[in-house]
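What follows is one structure encoded as structure tokens, with my remarks underneath.
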Amino acid sequence: MANMAVKLAKVVGDRTAKVLAEELGLESLEDLLRHYPRRYVMRGELTDIEALIEGEEVTIMARIEKVTVKRIPGRKGGILEVIVSDGRAKLILTFFNQAWRTKDLREGREGLFAGKVGVFKGKRQLSHPDYLLIPEGDNKEEAVSDFAGKYLPVYPATKKLPSWKVAQCIRLGIDSMGEVAETLPDQYRSALGFPTMVEAIKQVHLPNSLAEADLARERLTFDEALTMQLFLLSRKNEIKKQRTKLRKRVNKEGILAKFDSRLPFELTAGQKRVSAQIEGDLYGSSPMFRLLQGDVGSGKTIVALRAMLAIIDSGGQAALLAPTEVLAQQHFKNFQKLLGDLALQGMLGTAEFSTRISLLTGSTPSSDRGEILRATKSGEIGILIGTHALLSEGVEFGDLALLVIDEQHRFGVEQRDVLRNRSEFPPHVLVMTATPIPRTVAMTVFGDLDVSTLDELPLGRSPIQTHVIAANEKPQFLDRAWKRVLEEVARGQQAYVVAPRISATDSSDFSRFGLTSEELAIARRLSGEADSEEVKGKYSVEELFPQLRDEALKGARVSALHGRMSATEKEETMSRFSAGEIDVLVSTTVIEVGVDVPNASIMVIMDADRFGVSQLHQLRGRVGRGNIPGLCLLVTNTGSDSPAMARLEAVARTTDGFELSRLDLEQRREGDVLGIAQSGATSHLRLLRVIRDEEVISRARTVAEQILDSDSELLSNTALLDEVDKLRQEERATYLEKK
Ligand code: ADP
Ligand code: MG
């Protein structure tokens with residue numbers, strides 16, 4: 001009987017173990033048994049190809065009739081086309097750049113093919129299907145045993161390891177699996193109606209019925225969520241146990257009171273509630289670790305600033321970490337404006353209670369830098385705003401009491417810990433997110449933080465109107481859009497025009513797919529999306545800028561802004577726009593987050609289909625920030641019934657950031673979702689999907705809380721403690737790697 005940690009060579013032999021390690025990264029028996037099937041197929045039941053419905057996930061048993069490789073001119077690789085049949089109807093299987101599969105996919109062979117039914121040029125196809133071929137010749141014996149059970153597990157196949165080979169290894173693994181420690185205490189297991197760990201592992205690989213497979217999978221998914229929640233909650237408890245410097249509340253006389261008395265508006269009920277939560281933490285004995293989330297424009301910045309002022313009143317310092325130079329600049333300017341003479345300490349015209357705020361970024365001249373570092377260390381600077389430069393060696397605070405991190409998703413967990421670890425007392429940490437996050441994602445990604453949510457927009461804010469403009473079908477609508485921009489300008493308002501690329505030759509916007517533009521075009525065509533030329537995107541800042549300035553927007557003061565300009569140029573352009581000296585800013589997404597020019601009332605987003613849903617929502621949040629209604633026009637050349645159009649219509653339909661963020665996350669790969677936190681824990685999640693498995697996560701959270709309530713160190717459940725420790729080690733390893 002083998003232990004789960006045993007090396008695979010002992011279970012499947014040296015040669016196979018080597019292949020499993022190389023192809024799938026599986027080293028131990030545990031790794032192997034945790035390599036779960038993607039799905040199951042029923043033996044001996046041929047699917048009627050004629051009856052397949054477009055858009056459905058299907059698995060069919062069929063025979064290969066014809067195999068061709070179509071070359072793409074001037075490129076390696078090509079499109080592999082395999083025609084399969086059930087004896088009556090035919091179906092085309094397409095593989096992009098995978099001609100090596102012809103080794104297995106040969107005329108006359110039979111097997112199972114699984115994928116989603118698409119239609120291309122009127123013919124039904126499966127693009128990149130999984131398949132399980134019935135082995136031929138010498139392997140007939142194996143074939144019989146592979147197809148022995150009624151439900152066959154289908155594993156992700158690789159070049160050297162077809163699904164059936166993996167299945168064989170797993171059967172060996174299950175045979176040699178001895179006692180497996182039960183992690184889930186009986187009381188919870190029976191309440192949830194789950195099988196034991198051993199049963200679950202057996203049943204997920206070799207189920208007797210689909211219901212049994214489902215339940216096994218549910219239990220294993222729950223296990224992952226539970227470990228994750230225990231990990232996060234115990235980290236949260238550890239933070240709560242830390243001690244920080246006790247700070248005194250200054251009620252009436254101080255910079256915060258002064259600031260409040262001058263605020264031109266009333267705080268919303270939400271802002272008051274969240275501020276009270278934060279202040280409760282700031283005067284407590286353990287460091288705050290809190291997430292502040294709210295939709296674009298919900299007024300997070302004011303809340304954060306008030307927390308910083310409370311800290312200054314109590315004698316401490318605050319730091320604000322922003323993800324980009326533009327945003328750091330913007331915060332700095334904004335704070336100066338909001339604070340007025342309250343931020344002029346050490347200068348003439350100082351108010352009674354005042355402080356000094358400074359900006360430190362990569363492009364701060366070294367002469368200024370020295371003085372800023374000195375004043376930061378001496379404590380003269382009350383608020384230091386900056387980018388990653390704040391994290392560099394040599395930045396020391398006299399008494400850092402509060403660290404505010406803006407737009408967390410651009411920062412890794414490790415970075416947020418750098419400053420925490422650099423002071424005598426751990427500072428309070430307030431994390432502000434750029435996008436609202438669905439509850440269970442917050443629970444998973446930020447599960448060790450307390451969460452405060454601003455759920456309303458300030459009164460009097462007029463909602464943004466959003467319209468989609470199909471420029472290819474209705475070019476006259478685009479002309480109307482430019483007229484509309486000119487009207488706004490004539491009325492004294494300002495406008496943004498956003499394009500996905502800096503220059504025409506810039507293909508950087510494809511990088512997020514990891515494909516070249518050409519590959520993307522082919523991939524899209526294969527998946528039945530819009531045809532080639534259009535997908536490249538038509539617009540770039542460098543082309544649009546002169547066109548708009550000289551033609552469509554002639555007469556308006558137009559300027560360009562993008563990431564390849566120098567920091568000084570960017571800053572200058574941004575402040576001229578803020579000051580109203582520029583009417584129309586043609587830019588890339590450098591303005592995506594945080595930029596706050598209340599006089600801007602209209603935004604035109606070119607090639608809007610090139611942007612993610614949350615990104616569009618963030619972008620349009622830049623307009624309608626004052627008391628004039630905002631208008632956002634999404635210009636696209638995508639097909640009217642394409643998925644991209646459906647996304648744009650969803651953005652136009654709702655201004656609820658939470659709903660859009662869900663939609664966005666549903667369309668992203670899981671790694672990207674969790675990548676927000678860059679957590680090392682992602683490799684632990686094999687089955688759990690944070691959006692799909694909301695209910696599982698909520699239940700796991702509750703069970704984790706109950707378990708920790710009665711046994712905060714997990715002393716009575718070493719099996720579970722082991723699992724949590726594994727996660728801890730993974731997280732630590734990732735942290736070290738990234739340093
Ligand atoms: P967020 O950072 O959440 O996107 P901001 O803090 O930048 O939002 O606030 C958006 C705009 O609303 C700013 O111009 C800000 O001055 C203004 N604002 C904030 N709170 C209020 C309020 N309670 N009433 C009116 N306007 C507000
Ligand atoms: Mg903001």
Side-chain angles (χ1 to χ4, degrees), residues 296-297 324-327 329-330 333-334 337 461-467 469 471 475-503 538-608 611 616 618-635:
V296 188
T324 64
E325 184 119 11
V326 167
L327 196 52
Q329 287 279 359
Q330 182 81 25
K333 293 254 165 65
N334 190 23
K337 202 172 75 196
R461 183 75 54 78
S462 9
I464 302 168
Q465 290 273 351
T466 305
H467 300 289
I469 296 184
Q476 71 275 20
F477 281 28
L478 185 56
D479 298 337
R480 288 242 307 264
W482 300 130
K483 292 221 173 68
R484 189 67 213 271
V485 169
L486 285 176
E487 280 165 29
E488 291 294 314
V489 170
R491 229 181 278 153
Q493 309 300 147
Q494 289 162 283
Y496 297 98
V497 177
V498 182
R501 295 177 299 158
I502 297 177
S503 65
K538 289 177 105 148
Y539 309 101
S540 71
V541 171
E542 283 182 354
E543 289 166 304
L544 269 172
F545 166 56
Q547 281 169 18
L548 294 177
R549 181 193 53 196
D550 302 336
E551 293 162 37
L553 299 180
K554 201 162 176 187
R557 295 166 298 174
V558 184
S559 278
L561 180 72
H562 58 70
R564 260 185 236 145
M565 289 161 53
S566 75
T568 350
E569 275 178 299
K570 274 189 281 191
E571 185 197 350
E572 202 194 286
T573 308
M574 225 24 248
S575 48
R576 281 175 50 222
F577 187 68
S578 301
E581 291 162 25
I582 295 170
D583 299 316
V584 182
L585 196 61
V586 184
S587 83
T588 53
T589 54
V590 288
I591 58 149
E592 180 185 343
V593 281
V595 168
D596 190 9
V597 179
N599 193 46
S601 61
I602 181 168
M603 174 177 283
V604 184
I605 304 179
M606 311 304 289
D607 287 326
F611 300 98
L616 291 171
Q618 275 295 318
L619 279 168
R620 75 175 161 186
R622 304 304 114 214
V623 295
R625 295 175 80 82
N627 40 22
I628 4 116
L631 178 64
C632 176
L633 302 173
L634 306 174
V635 178

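The heavy-atom pair separating Ser540 from Glu543 by the smallest distance is OG-OE1, 2.7 Å. Residues Tyr539 and Asp607 share a closest heavy-atom pair of N-OD2, 2.9 Å. Residues Ile605 and Cys632 share a closest heavy-atom pair of CD1-SG, 4.0 Å. Between Phe611 and Ala499, the shortest heavy-atom distance links the atoms CZ-C, 4.0 Å. Residues Ile502 and Gly563 approach most closely at CD1-N, 4.3 Å, considering heavy atoms. When all heavy atoms are compared, the tightest approach of Val623 to Leu631 is CG2-O, 4.0 Å.
With rounding to the nearest 0.5 angstrom, the CZ atom of Arg549 is 14.0 Å from the CG atom of Asp583. The distance from the CD1 atom of Ile628 to the CD atom of Gln493 is 4.0 Å, given to the nearest 0.5 Å. Between atom CG of residue Leu478 and atom CG of residue Leu633 there is a gap of 9.0 Å, rounded to the nearest 0.5 Å. Met565 contributes atom CE, which lies 8.0 Å from atom OG of Ser559 (distance to the nearest 0.5 angstrom). Distance check: Glu487 CD to Arg480 CZ gives 10.0 Å after rounding to the nearest 0.5 Å. For the atom pair NZ (Lys337) and OG (Ser578), the distance works out to 7.0 Å, reported to the nearest 0.5 Å.
Looking at Leu561 and Met574, their side chains come closer than 4.5 Å, going by heavy atoms from C-beta outward. No side-chain heavy atom of Gln494 sits less than 4.5 Å from a side-chain heavy atom of Val489. The closest side-chain heavy-atom distance from Val604 to Val485 is below 4.5 Å. A 4.5 Å side-chain heavy-atom check between Ser601 and Arg491 finds every atom pair outside the cut-off. Within the 4.5 Å cutoff, the side chain of Leu486 has no heavy atoms near those of the Lys554 side chain. Side chains of Ser575 and Lys333 form a contact here, defined as non-hydrogen atoms less than 4.5 Å apart. The closest side-chain heavy-atom distance from Met606 to Val497 is below 4.5 Å.
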Could you walk me through whether Glu488 and Arg484 pass the salt bridge (charged side-chain N to carboxylate O under 4.0 Å, His left out) check? CA-CA 6 Å; Glu488 291 294 314; Arg484 189 67 213 271; 3.0 Å; yes

Just do the side chain to side chain contact (heavy atoms under 4.5 Å, CB included) check on Leu548 and Val584 with the steps written out, would you? CA-CA 9 Å; Leu548 294 177; Val584 182; 5.6 Å; no

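Within the 3.5 Å criterion, the main-chain N or O of Gly580 finds a donor-acceptor partner in the side chain of Arg557. A side-chain donor-acceptor contact under 3.5 Å links Arg622 to the backbone of Gln618.
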